[in-house]
Number of protein chains: 2
Amino acid sequence: MATTEKGRRTRQRIIEATGEQILAAGIGGTTLETVRAATLTSKSQLFHYFPGGKTELVREVAVWEGEQLLAAQEPEIHDLGSWGSWRRWRDGLVDYYLGQGRWACPIGSLATEAAAADPDTASLITTSMTAWKDALAAGVRRMQEAGEVDPDADADLLATGMVAALQGGIVLSQPERSGRPLEAVLDQILDPLLVRATARAGSSRA
Amino acid sequence: MATTEKGRRTRQRIIEATGEQILAAGIGGTTLETVRAATLTSKSQLFHYFPGGKTELVREVAVWEGEQLLAAQEPEIHDLGSWGSWRRWRDGLVDYYLGQGRWACPIGSLATEAAAADPDTASLITTSMTAWKDALAAGVRRMQEAGEVDPDADADLLATGMVAALQGGIVLSQPERSGRPLEAVLDQILDPLLVRATARAGSSRA
DNA sequence: TCATCGTTGGACTGCACGGTCCATTCGTAG
DNA sequence: CTACGAATGGACCGTGCAGTCCAACGATGA
């Protein structure tokens with residue numbers, strides 16, 4: 001369906017524009033018409049590149065945004081071996097969300113809005129979230145190996161908590177238009193990792 | 001518009017049914033027609049009790065769900081003066097979200113979906129979140145007075161972090177259909193409070 | 001018994017939006 | 001130059017949904 005270079009670029013342009021609109025107005029607030037207008041394309045192109053219609057387009061947006069989100073955290077996300085890198089990672093992320101008027105998470109908003117309606121999209125999102133969490137867990141393990149974090153702590157669980165904290169911080173920050181909640185929860189979740197080096201951190205319970 | 005007892009009951013019935021549908025299918029997946037069908041009412045009733053149409057209905061749902069959510073945490077939410085009560089509160093909340101197939105937060109989902117579209121609803125949600133946070137902050141202060149938590153900690157910031165952690169845990173748990181993320185982040189955010197009594201907890205940074 | 005006001009029923013309208021279809025243009029390989 | 005498939009333009013259609021309107025019904029007080 002997209003065999004030409006030109007075609008691929010058009011297709012990509014559609015995905016990105018749709019992503020922006022979804023971020024700003026949600027899936028419901030994004031219509032094929034607004035996407036068409038923003039991309040200077042025609043109705044037939046939308047269905048040419050995404051035969052499945054809006055559903056398929058949203059799915060493509062989901063995977064694209066998932067990749068983008070990870071990419072935006074480079075290079076820190078793959079270099080979480082020291083206190084400084086974690087700190088840079090945290091600051092970069094806060095800036096990513098709040099710095100430019102984003103005020104929402106590209107995949108977090110999709111998660112809430114699409115989860116109930118489209119299980120297929122939901123699983124794509126879960127995949128992205130898992131990849132994200134895994135990258136963080138790898139960082140935690142590096143800290144453990146370096147003796148900076150309690151080796152008995154469950155790196156995976158800690159990483160899950162971090163991603164969750166991020167998402168929740170944004171949920172609160174979004175309507176409030178303040179970065180306070182995001183920063184508050186991020187610091188609280190990171191504090192034990194960064195400050196209580198070698199001490200017991202986030203021991204499993206429940 | 002609703003002066004009779006009968007009228008008030010009908011109106012209330014509409015609000016609650018709408019709330020359930022929004023929780024299950026989102027605002028976009030909830031139509032006046034499905035609400036009408038579920039409540040055995042007529043179109044004219046919907047607009048009789050909510051002249052502002054769907055927008056107003058959603059707003060009413062927002063405040064109603066906000067109250068309900070706090071009420072569901074009684075009596076613990078107003079008795080957070082001991083380790084045990086915090087623990088009961090946490091368990092009750094997890095059960096509330098996961099126990100019955102809820103898998104979403106009544107006001108959290110509204111926050112993400114309505115924030116961009118309707119600033120008015122957004123501020124209602126912020127109000128609910130703030131009330132929630134304040135109740136928790138009061139609990140933290142009681143713990144501080146009891147000498148169980150570092151008196152220098154910012155109770156308000158800690159409470160904000162808790163609400164954010166909850167919301168984020170749900171964002172992740174929803175598509176994944178697993179309570180793990182919610183429990184993981186909740187425990188991580190509560191750990192410092194409960195376990196590191198008297199030690200420095202969530203000191204301000206940033 | 002009548003008047004009034006709240007409540008209820010449901011037909012109807014307008015339109016926005018997802019989706020279909022066909023015609024035209026463009027790029028390229030033979 | 002021709003032919004063919006990809007890319008594009010845009011008219012068109014069906015419908016689902018928010019919102020309107022008017023006609024009844026029911027209770028309550030005068």
Side-chain angles (χ1 to χ4, degrees), chain A residues 1-62 110 113-114 116-118 120-121, chain B residues 1-62 110 113-114 116-118 120-121:
Chain A
M1 69 190 73
T3 54
T4 300
E5 177 54 30
K6 188 182 182 187
R8 265 188 297 273
R9 283 218 315 277
T10 301
R11 191 184 135 98
Q12 187 57 32
R13 187 154 44 97
I14 295 172
I15 292 179
E16 295 182 23
T18 307
E20 286 169 25
Q21 292 193 12
I22 288 182
L23 194 62
I27 298 178
T30 302
T31 76
L32 294 188
E33 170 53 28
T34 59
V35 169
R36 192 203 57 72
T39 53
L40 273 345
T41 53
S42 64
K43 217 58 175 302
S44 62
Q45 280 169 292
L46 262 33
F47 283 86
H48 177 68
Y49 294 113
F50 308 93
K54 190 177 185 180
T55 310
E56 183 181 348
L57 179 50
V58 170
R59 283 206 265 262
E60 293 296 317
V61 168
L110 277 173
E113 207 170 342
D118 182 0
D120 222 334
T121 303
Chain B
M1 68 190 73
T3 53
T4 300
E5 177 56 29
K6 189 183 182 188
R8 267 188 297 271
R9 285 218 313 278
T10 302
R11 190 184 135 96
Q12 187 57 30
R13 188 154 43 95
I14 294 172
I15 291 179
E16 294 182 22
T18 306
E20 286 169 25
Q21 293 192 12
I22 288 182
L23 194 62
I27 297 177
T30 302
T31 75
L32 294 187
E33 170 54 29
T34 59
V35 170
R36 192 204 57 72
T39 53
L40 275 345
T41 53
S42 63
K43 215 59 175 301
S44 63
Q45 280 169 293
L46 261 32
F47 283 86
H48 178 70
Y49 294 113
F50 308 93
K54 192 178 185 180
T55 310
E56 183 180 349
L57 179 50
V58 169
R59 284 206 263 262
E60 293 297 317
V61 168
L110 277 174
E113 207 171 343
D118 182 2
D120 222 334
T121 304

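Order of the sequence lines fixes the chain letters, A, B, ..., with proteins taken first and strands second; residue numbering starts at 1 for each chain.
Across D:dT8, C:dT8, D:dA18, the shortest atom-to-atom separation from the side chain of B:Leu32 is found for D:dA18.
Side-chain atoms of B:Ser42 and B:Gln45 include a donor-acceptor pair closer than 3.5 Å.
One can place CG of B:Leu46 at 20 Å from P of C:dC12, the figure rounded to the nearest angstrom. Protein atom CZ of B:Arg11 is 11 Å distant from nucleotide atom P of C:dT7, rounded to whole Å. For the pair B:Glu56 CD and D:dG19 P, the computed distance is 11 Å after rounding to whole Å. Protein atom CG of A:Asp118 is 16 Å distant from nucleotide atom C1' of C:dG18, rounded to whole Å. Straight-line distance from the CD1 atom of B:Ile14 to the C1' atom of C:dT8: 11 Å, rounded to whole Å. Atoms NE2 (A:His48) and C1' (C:dC22) sit 15 Å apart, rounded to a whole Å. Look at CG on B:Leu57: it is 15 Å from P on D:dC17, rounded to the nearest Å. Put simply, CZ on B:Phe47 is 13 Å from C1' on C:dC12, counting in whole angstrom units.
Positionally, the nearest nucleotide of DNA chain D for B:Thr55 lies more toward the 5' end than for the other of B:Thr55 and B:Lys6.
Taking only distance into account, the side chain of B:Ser44 meets the base of C:dG9 through a donor-acceptor pair shorter than 3.5 Å. Below the 3.5 angstrom threshold, one finds no donor paired with an acceptor across the side chain of B:Lys43 and the base of C:dG9. Between the side chain of B:Thr3 and the base of C:dG6, no donor-acceptor pair under 3.5 Å is found.
In this structure the side chain of B:Leu32 reaches within 4.5 angstrom of the side chain of B:Leu57, judged on heavy atoms. No side-chain heavy atom of B:Thr18 sits under 4.5 Å from any side-chain heavy atom of B:Gln21.
The distance from atom CZ of A:Arg36 to atom CD1 of A:Ile14, rounded to the nearest 0.5 Å, is 11.0 Å.
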Practice problem: Could you walk me through whether A:Lys54 and A:Val35 pass side-chain contact (heavy atoms from CB on, under 4.5 Å), step by step? | Solution: CA-CA 10 Å; A:Lys54 190 177 185 180; A:Val35 169; over 6 Å; no
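The phosphate of D:dA7 (OP1 or OP2) has a side-chain N or O of A:Thr4 nearer than 4.0 angstrom. For C:dT7, the OP1/OP2 oxygens have no side-chain nitrogen or oxygen of B:Ser42 closer than 4.0 Å. OP1 or OP2 of C:dG9 has not a single side-chain nitrogen or oxygen of B:Thr41 nearer than 4.0 Å. Side-chain N/O atoms of B:Tyr49 include one lying less than 4.0 angstrom from OP1 or OP2 on C:dT8. OP1 or OP2 of D:dT8 lies within a sub-4.0 Å distance of a side-chain N or O belonging to A:Gln45.
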